[in-house]
Protein chains: 2
Amino acid sequence: MRSSVWGSEPLPRVAAPLREQVTDRVRAAILDLRLKPGERLIERELTESLGVSRATVREVIRQLAAEGLVTVVPQRGAEVTSLSASDAADIYEMRASLEALAVRRFVQRAGEEQVRALRAAVDEIARSADGDGDHLGAKDRFYEVLMEGSASGPLQQTLAGLQARVRLLRATSLSAPGRPARAAAELRAVVDAIEARDADAAAEACVLHIRHAAETATAQLTG
Amino acid sequence: MRSSVWGSEPLPRVAAPLREQVTDRVRAAILDLRLKPGERLIERELTESLGVSRATVREVIRQLAAEGLVTVVPQRGAEVTSLSASDAADIYEMRASLEALAVRRFVQRAGEEQVRALRAAVDEIARSADGDGDHLGAKDRFYEVLMEGSASGPLQQTLAGLQARVRLLRATSLSAPGRPARAAAELRAVVDAIEARDADAAAEACVLHIRHAAETATAQLTG
DNA sequence: CGTTGCCGATTGTCTGACAGCCAGACATGA
DNA sequence: TCATGTCTGGCTGTCAGACAATCGGCAACG
């Protein structure tokens, strides 16, 4: 029996372990600012509100600490990470470098189908920038396709961590008037270059995009 | 009482939590190849050989998984990560980008004292390349100074993870004849540029260094 | 008004337990 | 003989409960 009938992948685990579901929920709470930066995460409170044991909660906290979303102070526990302006700048710089790299990989490795998907995603972003549709979700989908197509485990893992931290700021940076539309245009430039299979141009466009995002974000932070 | 008497830092925690000591020991075992890539990490075995409880062992495993040193398969447990050639290439590429960034930050933020320390570290590397002294340790010290001087938490955390993974390969890549000496020369070029406070040149030299390291490493891997 | 000492809140760690899953050994039947 | 069920041991996933160590604040005290 040819295995390709089922697709080449070893079946992506339907029922996620409890630990991961909990991790996702807490992460979401942090990114939605239901848990604000600086707020303490008390283990017993989490066990109660999430309905899981302390052991599980602790593993979740380690996970989120590794992602940089929470900071643990020895003998004091975890709190939601609050980023300094200089941290934010560094994170944006790192994102610029690594996403440029991801885009390069995408050009090398992605198939026609994936390029089309990326185009569709950027169109969706543009549409949502004009008012209707959920902008955050559209952007998430864009990055999902990008990561899928660049086909690099290490890159994906690292960038995911960076993006999560950026989102700690994103609520503010996105609110800049007119920013969504410009962001959409910048991403379109990236996809244009990708379709032309021009890795250098795509990477450069990508760096430009992140730099602009960083500028509006830090402007809001310091202003 | 002036706090500067004790140094400005908030005291780097002398008595590390047990969990961290254990993490360090397991990490060291992996990097020394006492635990080989692909080898399974069985929780009960670890509790016995390390003398700690299973809860602690599990937290340690999560930590190392986040660093990318071990891979956990749901319902099957953790094993030492084994990197594909393409993963290795991506990791080196990421390192090149991020270390270049770190070097730029160093130029911006480090003081005279730290530049001197970096110079000393690279001298030590050169000396150890000529036979005597421990090369790995010298390189570690170099990066320690670099990270300290670039003063960026996020960068430091991310790069530490990448470097750990590179070390999974390093045992092989370092054995290339003549490589240590050339590596020393390349790092010297980085420091030269730093001393001249030329961030662009320093970053470029840094990228060059990592590229060369990547080449010899992948040559060994595929050969 | 600055110290000192105590107390509650929380984390760090351990023990023991039980269900569920997986892989491989084993047995069964065509 | 080969394919198909079935069983079993080895692990992981998760839980509950317990106890010492430590931190932070508060109150008594000099």
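Here is how names work: the chains are called A, B, and so on, in the same order as the sequence lines, proteins then strands, and each is numbered from 1. Keep in mind that the numbers below use all heavy atoms, side chains included, and drop hydrogens, waters and symmetry copies.
One finds a salt bridge joining B/Arg167 and B/Asp140 here, because a Lys/Arg side-chain nitrogen approaches an Asp/Glu carboxylate oxygen to under 4.0 Å. With respect to the salt-bridge test (charged N to carboxylate O, under 4.0 angstrom), the residues B/Glu215 and B/Arg211 do not qualify.
The stretch residues 50-65 of chain B comes close to DNA chain D through B/Arg54, B/Arg58, B/Arg62, each having a heavy atom under 4.0 Å from the strand.
When rounded to the nearest whole Å, the span between CD of B/Glu79 and C1' of C/dC22 equals 14 Å. The separation between A/Glu48 atom CD and D/dA16 atom P is 11 Å, rounded to whole Å. One atom, CD of A/Glu43, and another, C1' of C/dT10, lie 8 Å apart when rounded to the nearest Å. When rounded to the nearest whole Å, the span between CG of A/Leu46 and C1' of D/dC15 equals 16 Å.
Note on A/Arg76: every side-chain N or O is 4.0 Å or more away from OP1 and OP2 of C/dT10.
Counting heavy atoms from C-beta outward, A/Glu99 and A/Gln163 have side chains that approach closer than 4.5 Å. Contact check for B/Arg109 versus B/Ser152: side-chain heavy atoms found under the 4.5 Å cut-off.
Side chains of A/Glu59 and A/Gln63: a donor-acceptor N/O pair is absent below 3.5 angstrom, by distance only.
Counting only distance, with no hydrogens or angles, the side chain of A/Glu39 and the backbone of A/Lys36 share a donor-acceptor pair below 3.5 Å.
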